[in-house]
Number of protein chains: 2
Amino acid sequence: MSDDSTKGPSSEQSVARPTLAEVARRAGVDKSTVSRALRDDSAISAETRARVQQVAAYLHYVPNANARRLSNAQTNVLAFASRAFRRNDDSDQFLMELLAVITREAVAAHFDVLLCCPEEDENDLQMYERILGGHHADGIILMDLRRNDPRLDYLCARGYPHVLFGRSDEDIRRARRYPYPWVEVDNRFGVRAGMEHLLSLGHTRIAFVGGDFAEYFCVFDRHTGYHEALQSAHIAQNPELFLPGPVTEAEGYRLAQRLLAQHQPPTAIFAFGDVMAAGVMRAAHEAGLVVGRDLAVVGFDGLGLGRFLTPTLTTLRQPLQEVGRSLVQLLIAQIQGNTMSDAHVLLCPELEIRASTGGVWNPSDSPASPTSR
Amino acid sequence: MSDDSTKGPSSEQSVARPTLAEVARRAGVDKSTVSRALRDDSAISAETRARVQQVAAYLHYVPNANARRLSNAQTNVLAFASRAFRRNDDSDQFLMELLAVITREAVAAHFDVLLCCPEEDENDLQMYERILGGHHADGIILMDLRRNDPRLDYLCARGYPHVLFGRSDEDIRRARRYPYPWVEVDNRFGVRAGMEHLLSLGHTRIAFVGGDFAEYFCVFDRHTGYHEALQSAHIAQNPELFLPGPVTEAEGYRLAQRLLAQHQPPTAIFAFGDVMAAGVMRAAHEAGLVVGRDLAVVGFDGLGLGRFLTPTLTTLRQPLQEVGRSLVQLLIAQIQGNTMSDAHVLLCPELEIRASTGGVWNPSDSPASPTSR
DNA sequence: TTGTACGCGTTATCAT
DNA sequence: ATGATAACGCGTACAA
């Protein structure tokens, strides 16, 4: 801190931030020379470069990003949009991890990450227009894809670089490859893997809870996985065991209560997400059931939460590291005009078998907890 | 999507984004007139303004943020830095909620939010220099304050606007008349409130786990709260009951095991954070104890997680809405040169009493079983 | 009320 | 290898 410590931050000018011109003056060369020397641009004599860099370092010179952006017509900023920024709900948990990965990857490639959220009475499309049209970012990462998502048409038409976490029906229905890249965790496959795990344990009355908006591709896909798994196992669909609903802990609790009150309750419950599974387990516990013995529970996402629950939760882990890395790399490649822009990355969630499906549990054990650890 | 679906995004030019000059040309006026009309700047005839705005809307004109920033010497961007973006650990959970609040508040004030993370072999100070010195953002929100935090001197000296979530040592600040705003949740008060809750339930052997780096003000403060509460209650300090350590679920599990293995185990355990408390509860459960009856557990933070655990977790809820709102408003006020720059906001965490401290439980109820192991 | 001219800090093109 | 000069798109004194 400087010695004039009585002055407030706004009462005194900030330390002047030197410009290219200032560096040039002190180094006795032209601005353009400094610009080049600092970027190893074209051939600059070694000694000139050294002197310039020395002066720049001495002055703590940092190029003005906005001037650079204006000149380059590129911002080196990635935008990240998620409805989680509007209202907080339980399902946000894994976003933080994803965001951390994305930020690290972006920074490593010298990109900034911008968080996007619609303004008051502004819809998604208007927000994209504001961010991309206003040159706040070069491209955007989209979440929460819908089966038929109007945002894609929009971004396509305007030529705005983007990458999807998720996909729409375009690819599948029209057998027409979406000309923009997407990264997806195969939700259908994941649910099927979880279902096969339950089936292999001998369960036949398997319920599914959660997912209230079938228009979200992710919801559609997980539901499809559930139905397909039953079909493959030649188990008749039972509408009473399929209960869509908001993906919250409270709803998991409520729906599980409803399921367990049936005269022929399910022996296993597949929850749309881990947080919801927590609610299911809470209901089961209150009903006097021991999860992992009297009732099997499977979640989805692989949140840290699943390891903290009692019993620990069997779940499908989303490979967030790979997701984040792919999203950033595909978007940057696209921005820089590389040709792999229509790459599609489909990752498989990994089945983590834990105690809630009674993995390690042994019938002769005491009704106490699964003593796996 | 356009009809030429065979073309990749990079094979075709983006839709041209109109400039001020373009709008001016189409409206038959000068650039400056457009500039003013679009910002209700100075007096512009109603009809001119109407025509200009109509043309701008027709062309989907959005001002180039970088040109505007260059001209205004202000970016309207807030930077957010947290070590959570470097590596993911359990303690990140509440950041997502905070980030959501911050983003909403910032956007409402027409500011963008930028996520910051040091580059490879770059330290914190260098990162600030890059972000603030490079005009990526006008100011920054700092997390994870240390008792004697070198970052403050640095930011002060350079005159970079900033606001702290947390604070440094009173005396150090006072001696230097630290003129920047901070927002803090009173950790010491929170722990004392939790301790008083436990004391009122009759507990005297109360352990505290977690907090491995006393240089973090937050750690120092919570530890102080613990010690002060014991002192106020005339309970002798017992080093065996005070176990600092990393704030993770695994460490909570480990330390609780150690505590419960003592010949005179504690009857209550205060965990540094909710996630850590989850580990404590897991250990207790495995040891055959019923949390809320045989052992009381208190957490800190008020994460959603606490409501999902069995039993539900008594905790100190951090008022993240208010924290986020204050941070953004104080930072923006500072950036815009308003005088409330040295405002200090101290918020109180709220004690949420849930089942883990045995709401209904009564000391004479059962043989304080931890001793009966 | 509107137009003119210049500056913001950088990069790029053209000379030298 | 280096210097002069012109954009980039917008805001804003100043002039009309």
Side-chain angles (χ1 to χ4, degrees), chain A residues 13-14 16-53 55-56 59-77 110 130 132-138 336, chain B residues 14 16-53 55-56 59-77 110 130 132-138:
Chain A
Q13 280 310 321
S14 313
R17 280 169 270 189
T19 69
L20 214 47
E22 175 70 7
V23 176
R25 202 176 56 73
R26 306 275 277 247
V29 293
D30 190 81
K31 298 187 313 183
S32 53
T33 304
V34 176
S35 175
R36 289 187 276 244
L38 260 33
R39 285 174 302 123
D40 300 346
D41 187 78
S42 67
I44 291 278
S45 82
E47 54 178 342
T48 305
R49 168 180 304 131
R51 192 172 73 252
V52 167
Q53 290 182 337
V55 172
L59 293 177
H60 297 288
Y61 168 75
V62 182
N64 183 318
N66 303 301
R68 176 174 278 183
R69 287 165 179 164
L70 185 59
S71 188
N72 288 342
Q74 189 185 320
T75 64
N76 272 41
V77 175
H110 301 287
R130 176 167 55 86
L132 271 351
H135 296 261
H136 290 80
D138 297 324
Q336 296 176 339
Chain B
S14 314
R17 278 168 273 190
T19 69
L20 213 46
E22 174 69 8
V23 177
R25 202 177 56 72
R26 305 275 277 246
V29 294
D30 189 81
K31 300 186 312 183
S32 56
T33 303
V34 176
S35 173
R36 288 186 276 245
L38 260 32
R39 284 175 302 120
D40 302 343
D41 189 78
S42 68
I44 291 278
S45 80
E47 55 178 342
T48 306
R49 167 180 305 131
R51 192 172 73 250
V52 167
Q53 289 182 338
V55 173
L59 293 178
H60 297 287
Y61 169 75
V62 182
N64 182 319
N66 303 300
R68 177 175 277 183
R69 287 165 179 165
L70 186 58
S71 187
N72 289 342
Q74 185 182 320
T75 64
N76 272 41
V77 175
H110 301 287
R130 176 167 54 86
L132 272 351
H135 296 262
H136 290 81
D138 297 324

Where the side chain of B:Ala43 is defined as all heavy atoms beyond and including C-beta, which of C:dT2, C:dT1, C:dA12 is the nearest nucleotide?
C:dT1

Classify B:Ser35 by what it touches in the nucleic acid, base, sugar-phosphate, or nothing, heavy-atom distance under 4.0 Å.
base

Taking A:Glu47 first and then A:Arg51, would you say they form a salt bridge - that is, a charged N and a carboxylate O separated by under 4.0 Å?
no

Donor-acceptor pair present, A:Arg36 side chain and D:dG3 base, under 3.5 Å
yes

Tell me whether the OP1 or OP2 atom of C:dT10 has a side-chain N or O from A:Tyr61 closer than 4.0 Å.
yes

Looking at C:dT10, D:dG9, D:dA1, which one has an atom nearest to any side-chain atom of A:Ala67?
C:dT10

To the side chain of B:Thr19, which of D:dC8, D:dG9, D:dG11 is closest?
D:dG9

Take atom CZ of B:Arg69 and atom C1' of C:dG9, then tell me their distance rounded to the nearest Å.
15 Å

Sugar-phosphate, base or nothing in reach of B:Asp30, heavy atoms under 4.0 Å:
base

Of the options C:dT11, D:dG3, D:dA1, whose atoms approach the side-chain atoms of A:Ser45 most closely?
D:dA1

Whole-Å distance, A:Leu70 CG to D:dG11 P, equals 12 Å

Closest to the B:Lys31 side chain, choosing from C:dT11, D:dC10, D:dT12
D:dC10

Pick the closest DNA chain C nucleotide for B:Thr48 and for B:His135 by heavy atoms, then say which residue is nearer the 5' end.
B:Thr48

Considering just the side-chain nitrogens and oxygens of B:Arg39, establish if one lies under 4.0 Å of OP1 or OP2 belonging to D:dG11.
yes

Using a 4.0 Å heavy-atom cut-off, does B:Ser32 contact any base of the nucleic acid, only the sugar-phosphate backbone, or nothing at all?
base

Need one value for B:Ala73: base, sugar-phosphate or nothing, where a base atom within 4.0 Å counts as base even if backbone is also close, heavy atoms only.
nothing

To the nearest 0.5 Å, what is the distance between CZ on B:Arg25 and CG on B:Leu59?
9.0 Å

Return the value, rounded to whole Å, for the distance between atom NE2 of A:His136 and atom P of D:dC10.
12 Å

For a 4.5 angstrom cut-off between non-hydrogen side-chain atoms, does B:Val55 reach B:Tyr61?
no

Please tell me which of B:Asn66 and A:Ile44 maps to the more 5' nucleotide of DNA chain D, matching each residue to the nucleotide holding its nearest heavy atom.
A:Ile44

Starting from C1' on C:dC8, measure out to CG on B:Asn72 and report it in whole angstrom.
10 Å

Check: B:Arg69 main-chain N/O paired with B:Thr75 side-chain donor or acceptor under 3.5 Å
no

Testing the 3.5 Å rule here: is there a donor-acceptor pair between the side chains of B:Ser32 and B:Arg36?
yes

To the nearest angstrom, the CD-P distance between A:Glu22 and C:dT10 comes to 11 Å

